[in-house]
Amino acid sequence: MNNNWKDLVITKISVAVYVAPNTGNSVHKNRHFHGLVLNDNNSVKDYVFDDGYVMRTERNSLFYLPKGSSYHVDSFLIGGCYAINFDSEIHDKPFSVTFRNTESLLHNFKLACEAWKGNSDSAHLLAMRTLYDCIYQMQKEEQRQYMSVRHRSLISPAIQKIESSFAENELSVSHLARLCGISEVYFRRLFLNAFGISPKEYISQKRIEYAKILLSSGDFSVSEVAMLCGYAEPCHFSREFSKRVGISPKQYENL
């Protein structure tokens, strides 16, 4: 990502679309528009360009496809992606950014693609907002990559604790800060800089992803999954799961 993006002016939106698994072309010649694309959680692909450059895109990667580029796609995990094609005077090489958190980006892409599919009056504005938010998030991610080694080492005890104990009901931000030997305010600031989200949000996302695995196994009831994921009340778990996933735990279990 070069410095030209900070002054980007988008002059046209061509399309905002969700490309479902096993659909779309695997070979592209001389793209008519620039594209920003967000992989879903089941997609891992290589974009092999005619000049020999290979761009790996991971799950939840956001990546850029330049106007005029030619390439073919090799899929390793066959998932879908959200794409917005646009016109601009930007000149850059293809690149991919893997974010620590893509929930807000995914939400915006979904809104833009649904509005475009429904030919909504707001479709163009939603797509435009999504593109500019992507650029903002990419710039923030670049800045986070410069976070000092000392600051990362300060919060490493908390990261280790979360990874091993995120399902513990009593896990608190104040306890994590004490593990790091720093104030809660300073801990929250360092964590946000490192991950782009708050410690509480990070833990919630870990719990919901674990809940999906347990529900898909079919070995546990919804109440048991709630307990195993650190929720004291099954009703709280159900509300949180439904808000984040879009369907209830029971509906997810029956997919």
Side-chain angles (χ1 to χ4, degrees), residues 16 18-21 37-44 58-62 77-82 98-115 117-118 126 129-130 133-134 137 141 155 158-177 179 184 187-188 191-192 194-255:
Y18 175 67
V19 183
V37 187
L38 180 68
N39 276 347
D40 66 20
N41 194 43
N42 299 307
S43 185
V44 177
E58 301 286 352
R59 298 171 178 178
N60 299 322
S61 288
L62 177 70
L77 281 180
I78 302 176
C81 63
Y82 297 86
T98 301
F99 290 91
R100 299 167 178 84
N101 173 51
T102 58
E103 194 168 284
S104 65
L105 284 177
L106 180 60
H107 175 73
N108 288 342
F109 266 98
K110 284 182 176 179
L111 286 179
C113 292
E114 288 169 3
K117 185 177 181 181
L126 287 170
R129 182 188 71 173
T130 300
D133 185 52
C134 285
Q137 296 296 340
E141 187 65 21
I155 62 173
I159 305 307
Q160 294 171 17
K161 179 64 175 177
I162 291 172
E163 294 300 322
S164 64
S165 309
F166 64 84
E168 291 183 5
N169 183 253
E170 299 302 320
L171 189 63
S172 68
V173 175
S174 59
H175 174 64
L176 294 172
L179 285 177
E184 187 173 333
F187 171 71
R188 288 178 185 275
F191 197 98
L192 182 63
F195 292 94
I197 52 176
S198 69
K200 183 178 179 181
E201 176 65 16
Y202 185 87
I203 293 168
S204 294
Q205 290 184 14
K206 297 284 289 185
R207 287 176 173 174
I208 295 300
E209 289 304 313
Y210 185 44
K212 288 180 182 178
I213 295 171
L214 296 178
L215 289 168
S216 297
S217 74
D219 295 331
F220 306 95
S221 68
V222 172
S223 296
E224 288 171 331
V225 171
M227 180 188 67
L228 290 169
C229 293
Y231 292 90
E233 298 293 337
C235 59
H236 178 210
F237 164 67
S238 293
R239 285 196 303 270
E240 188 73 9
F241 189 95
S242 299
K243 181 179 72 174
R244 292 175 178 275
V245 181
I247 57 176
S248 70
K250 195 66 179 177
Q251 290 172 313
Y252 191 90
E253 185 180 39
N254 294 328
L255 288 178

* To do: If the plane angle is over 60° it's perpendicular, under 30° parallel, otherwise tilted; pick one for F109 and Y82.
  => tilted
* Asked: Would you find a donor on one side and an acceptor on the other, under 3.5 Å apart, between the side chain of N39 and the backbone of N60?
  -> no
* Asked: Can you find a pair of side-chain heavy atoms, one from N42 and one from P21, that are under 4.5 Å apart?
  -> no
* Asked: Do you know which two heavy atoms are closest between L126 and A115, and how far apart they sit?
  -> CD1-CB, 3.6 Å
* Asked: Short question: side chain of S242, backbone of R239 - any donor-acceptor pair under 3.5 Å?
  -> no
* To do: Could you go through the side-chain contact (heavy atoms from CB on, under 4.5 Å) check for R244 and R207 one step at a time?
  => CA-CA 11 Å; R244 292 175 178 275; R207 287 176 173 174; over 6 Å; no
* For the residue pair D219 and E224, what are the closest heavy atoms and their distance? -> O-OE1, 4.2 Å
* Mind checking the OG-CD spacing from S217 to E253? Nearest 0.5 Å is all I need. => 8.5 Å
* Report, as yes or no, whether the 6.0 Å neighbourhood of atom CD on E170 holds more than 12 heavy atoms from other residues, nucleotides or ligands. => no
* Using 4.0 Å as the upper bound for N to carboxylate O, is an ion pair formed by K110 and E114? -> no
* State, yes or no, whether a side-chain contact exists between Q137 and T102 at a heavy-atom distance under 4.5 Å. => no
* Heavy-atom pair with the smallest gap, counting every atom of R59 and N41 -> CD-O, 3.2 Å
* Asked: Would F166 and C229 count as a side-chain contact (heavy atoms from CB on, under 4.5 Å) if you check the C-alpha gap in whole Å, the side-chain angles of each, and the deciding distance to 0.1 Å?
  -> CA-CA 8 Å; F166 64 84; C229 293; over 6 Å; no
* R129 side, atom CZ; N108 side, atom CG - distance, nearest 0.5 Å -> 4.5 Å
* Other residues, nucleotides, ligands: >12 heavy atoms within 6.0 Å of I78 CD1 -> no
* To do: Could you tell me whether E233 atom CD has more than 12 heavy atoms of other residues or ligands within 6.0 Å of it?
  => no
* After noting the C-alpha distance and the side-chain angles of F241 and K212, does the key distance pass the side-chain contact (heavy atoms from CB on, under 4.5 Å) rule? -> CA-CA 9 Å; F241 189 95; K212 288 180 182 178; 4.0 Å; yes
* Is there side-chain contact between Y18 and D40, with at least one heavy-atom pair below 4.5 Å? -> yes
* To do: Could you tell me whether the side chain of I203 reaches within less than 4.5 Å of the side chain of L176, counting heavy atoms only?
  => yes
* What are the two closest non-hydrogen atoms of L62 and L105, and how far apart are they? -> CD2-CD1, 4.4 Å
* Looking at OG of S221 and NZ of K250, how far apart are the two atoms once the value is rounded to the nearest 0.5 Å? -> 8.0 Å
* To do: Write down the atom of S43, the atom of G80, and the distance for their closest heavy-atom approach.
  => CB-O, 3.5 Å
* Asked: Is it the case that E201 and Q205 place a side-chain donor and acceptor less than 3.5 Å from each other?
  -> yes
* Under the 3.5 angstrom rule, does the side chain of S165 hit a backbone N or O of I162 as a donor-acceptor pair? -> no
* **Main-chain N/O of P234 paired with S223 side-chain donor or acceptor, under 3.5 Å** => no
* Start with the C-alpha distance between E163 and Q160, add both sets of side-chain angles, then the distance that settles side-chain contact (heavy atoms from CB on, under 4.5 Å), and finish with yes or no. => CA-CA 5 Å; E163 294 300 322; Q160 294 171 17; 5.9 Å; no
* Just how far is it from atom OG1 of T130 to atom CG of L111, taken to the nearest 0.5 Å? -> 7.0 Å
* Asked: Does a donor on one side chain and an acceptor on the other come within less than 3.5 Å for Q251 and S248?
  -> yes
* Measure the shortest side-chain to side-chain distance between V225 and Y231 over non-hydrogen atoms and say whether it is less than 4.5 angstrom. => no
* Structure fact -> For A232 and N169 the tightest heavy-atom approach is N-ND2, 3.5 Å
